[in-house]
Number of protein chains: 2
Amino acid sequence: MPKITKENTTVRLIVSGLGNIGWRFLQILIDKQQHLRRRYGLTFQVVGTADSRGAVADPDGLDLVRIVGLKKGGRSVSDYHTEMAGPTPPGLAFGSALDLVNEIDADALCEATPVSLDDGEPGLSCMRAALRKRMHVVTPNKGPLVLAYEELTELARIKGVEILFCGTVAGGLPAINVGRRDLAGATIDRLEALPNLTTSFILAQMATGLSYEEALAAAQAQGCAEADSSLDVEGWDAAIKLVILAKSVLGVPASLDDVSVQGITGLTIADLQEAETKGRVIKLVATAQRQEEGYALTVAPTPLPLSHPLALLSGQQMGVVYHTDIYGVISAAILETEPVPSAATMLRDLLTLYA
Amino acid sequence: MPKITKENTTVRLIVSGLGNIGWRFLQILIDKQQHLRRRYGLTFQVVGTADSRGAVADPDGLDLVRIVGLKKGGRSVSDYHTEMAGPTPPGLAFGSALDLVNEIDADALCEATPVSLDDGEPGLSCMRAALRKRMHVVTPNKGPLVLAYEELTELARIKGVEILFCGTVAGGLPAINVGRRDLAGATIDRLEALPNLTTSFILAQMATGLSYEEALAAAQAQGCAEADSSLDVEGWDAAIKLVILAKSVLGVPASLDDVSVQGITGLTIADLQEAETKGRVIKLVATAQRQEEGYALTVAPTPLPLSHPLALLSGQQMGVVYHTDIYGVISAAILETEPVPSAATMLRDLLTLYA
């Protein structure tokens with residue numbers, strides 16, 4: 001929990017990945033610098049950062065305003081030193097994030113490279129290297145977590161550091177934190193989540209009368225869906241998040257193979273209208289239902305009654321519901337209209353570690 | 001966060017107050033004993049307990065099944081030893097919870113005596129005594145927190161222990177924990193809460209066409225309202241919870257005098273119907289609105305649009321919404337149909353300390 005401390009602690013960070021999430025995280029560090037120092041006695045100093053084209057370091061702390069400026073201008077951090085007055089300082093430019101992690105001393109790695117479900121790279125190798133060097137890892141990157149959860153958490157345990165990943169499941173919603181911390185001691189009988197914004201947006205559009213194809217195009221036009229949105233619309237993104245919830249909150253081994261997955265590509269306006277006549281709303285729900293042994297994991301379009309805590313979430317909301325034995329039914333939702341809350345999850349994880 | 005540990009730690013508890021919350025907490029400890037030992041390596045041993053008529057202790061751990069049996073039978077723990085075979089062991093019966101705290105060694109005090117807004121007693125004196133002895137305190141008791149928040153938290157800080165009170169605000173909803181931990185680093189622009197079940201229940205009844213008086217009578221018949229429900233229906237219970245949220249989450253000094261309070265006693269069916277024609281639902285909302293300096297604190301019947309996260313909560317739900325700068329808009333709600341989740345908040349706080 002937040003401590004108001006007068007001690008001044010400097011935490012040295014390596015930030016890998018400077019896309020939508022990464023550069024916004026740097027912007028948050030800039031904006032919150034005074035507040036974090038005053039409230040928590042903490043100074044976060046970025047001593048190294050990498051994007052897909054290069055990596056730079058400065059043991060005295062990089063100029064974050066300059067880096068955010070480069071990224072907003074569509075350029076690479078590899079231009080960072082060449083932009084500075086005088087010649088490039090030796091030993092401060094690197095080929096990749098992994099080189100940076102291996103060569104530079106820091107307290108924590110903030111890992112926000114793109115998700116790969118094939119091999120988890122480049123995030124996975126960086127996380128391994130960081131943990132081996134006894135650096136904490138904070139990350140919203142689902143790939144390494146879903147592919148190597150046990151390896152990474154065990155490596156962290158052996159090295160006496162933490163890997164925190166509250167941003168992997170539903171953007172800025174503290175779904176994992178509520179499950180792990182606030183439901184401690186409970187048996188979770190059922191977990192339901194709407195962890196995927198793209199499908200929520202598409203279904204919300206379809207509810208207004210658009211066809212699936214029109215709704216998908218609208219989502220892509222608004223930046224709510226990738227050009228290749230198959231991971232989202234076929235339910236795999238929700239399934240990945242369900243697996244991470246199962247491992248981290250429910251404490252059960254699970255893999256993508258264990259999830260019964262059905263996406264929204266087959267849904268028609270008629271399906272939604274039929275649900276509506278029955279007083280229901282169709283959402284793409286990720287569910288973990290407790291059984292005699294373990295949990296049944298499913299992702300499927302599900303007609304929810306209007307009284308369901310997830311039924312009336314908009315196309316810009318994500319949510320989770322925990323049905324428990326001793327804490328009642330606890331639900332949580334987030335309205336996330338831009339990537340800032342997802343970026344801020346790395347700050348949340350850092351403050352869990354240091355505040 | 002939960003750690004799965006193989007170490008075995010025994011935590012000695014004093015449990016003060018064995019009403020609706022207190023005895024259910026003991027029942028939870030009984031039911032969860034195996035789970036807590038297996039998952040967290042923790043054994044909670046109740047070495048002393050008190051109700052309004054007496055107090056008993058056993059350094060080797062009291063028989064919780066026996067105590068729950070006494071309480072369910074409407075009896076006092078002062079009958080505990082006299083029920084045992086043989087004569088009452090000397091030094092194990094006490095006049096009050098305060099005597100117990102002063103005389104018995106324990107690691108944490110679980111304080112669940114009735115709320116007093118006059119002087120916070122008997123809880124306040126027990127909490128002070130426990131903190132002075134370097135015992136942690138966990139409590140859902142609002143009285144001492146609203147009257148002596150700064151004193152108690154400062155005393156805990158000086159003594160190097162914790163006072164945790166996640167159950168003071170909205171039953172089993174982790175409203176405080178989400179605010180303090182998951183919104184760390186954020187500026188909270190606006191906080192809205194439905195923290196009072198009685199008024200939610202009454203308004204839900206009125207929405208079905210009952211008059212205020214009929215709805216109040218229904219709440220009392222169902223055990224959702226005290227015989228003297230003035231604290232609830234006049235908005236003071238919500239105001240108390242708002243003050244605790246302001247102090248603990250928003251980090252601002254606040255007292256009941258700072259809250260503009262309006263209850264639901266003046267509401268008519270016509271008011272609810274008029275709101276309905278405008279597509280709104282009237283709820284008793286506790287609000288903290290950020291201003292140039294500090295927050296404006298209000299409790300008032302408020303017409304909410306149906307899209308508001310609190311608008312459609314039922315008469316058995318409580319909820320909170322945080323409007324933040326970097327974490328989006330995060331809402332959470334609980335369906336609490338019995339006092340078990342409120343009782344379980346003491347377990348949650350204990351696991352925050354020990355797991």
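By convention in this document, chain letters (A, B, ...) are assigned in the order of the sequence lines, proteins followed by strands, and residues within each chain are numbered from 1.
- Residue contact with chain A, scored on non-hydrogen atoms closer than 4.5 Å, involves the side chain of B/L36 exclusively.
- Around the CD atom of B/E154, the shell of radius 6.0 Å holds more than 12 heavy atoms that belong to other residues, nucleotides or ligands.
- Identified by a heavy-atom distance below 4.5 Å to chain B, the contributing residues of residues 304-321 of chain A are A/L312, in residue-number order.
- Proximity to chain A is limited to the side chain of B/I28, based on heavy atoms less than 4.5 angstrom apart.
- Not counting sequence neighbours, A/Q45 has no partner by the side chain to side chain donor-acceptor pair (under 3.5 Å) test.
- Distance check, rounded to the nearest 0.5 Å: CD1 of A/I326 to CZ of B/R24 gives 13.5 Å.
- Smallest separation of non-hydrogen atoms from A/R181 and B/R348: O-CG, 4.3 Å.
- Applying the side-chain contact (heavy atoms from CB on, under 4.5 Å) test to A/A204 and every residue at least two apart in sequence or in another chain returns nothing.
- Note: A/S331 OG to B/L335 CG = 9.0 Å, rounded to the nearest 0.5 Å.
- Within 6.0 Å of the CD atom in B/Q289, the count of heavy atoms belonging to other residues, nucleotides or ligands exceeds 12.
- Atom CG in B/D182 sits 9.5 Å away from atom CG in A/D349 (nearest 0.5 Å).
- Within residues 338-346 of chain A, the residues having any heavy atom less than 4.5 Å from a heavy atom of chain B are, in residue-number order, A/V340, A/P341, A/A344, A/T345.
- At least one donor-acceptor pair closer than 3.5 Å links the side chain of B/K32 to the backbone N or O of A/G185.
- Considering only heavy atoms from C-beta on, B/I330 stays 4.5 Å or farther from A/E336 through its side chain.
- Shortest non-hydrogen contact noted between B/I334 and A/Y327 is CD1-O, 3.3 Å.
- Here the straight-line distance linking atom CZ of B/R180 with atom CG of A/L351 works out to 14.0 Å at 0.5 Å rounding.
- Using a 4.5 Å cut-off between heavy atoms, A/T337 makes no contact with chain B at all.
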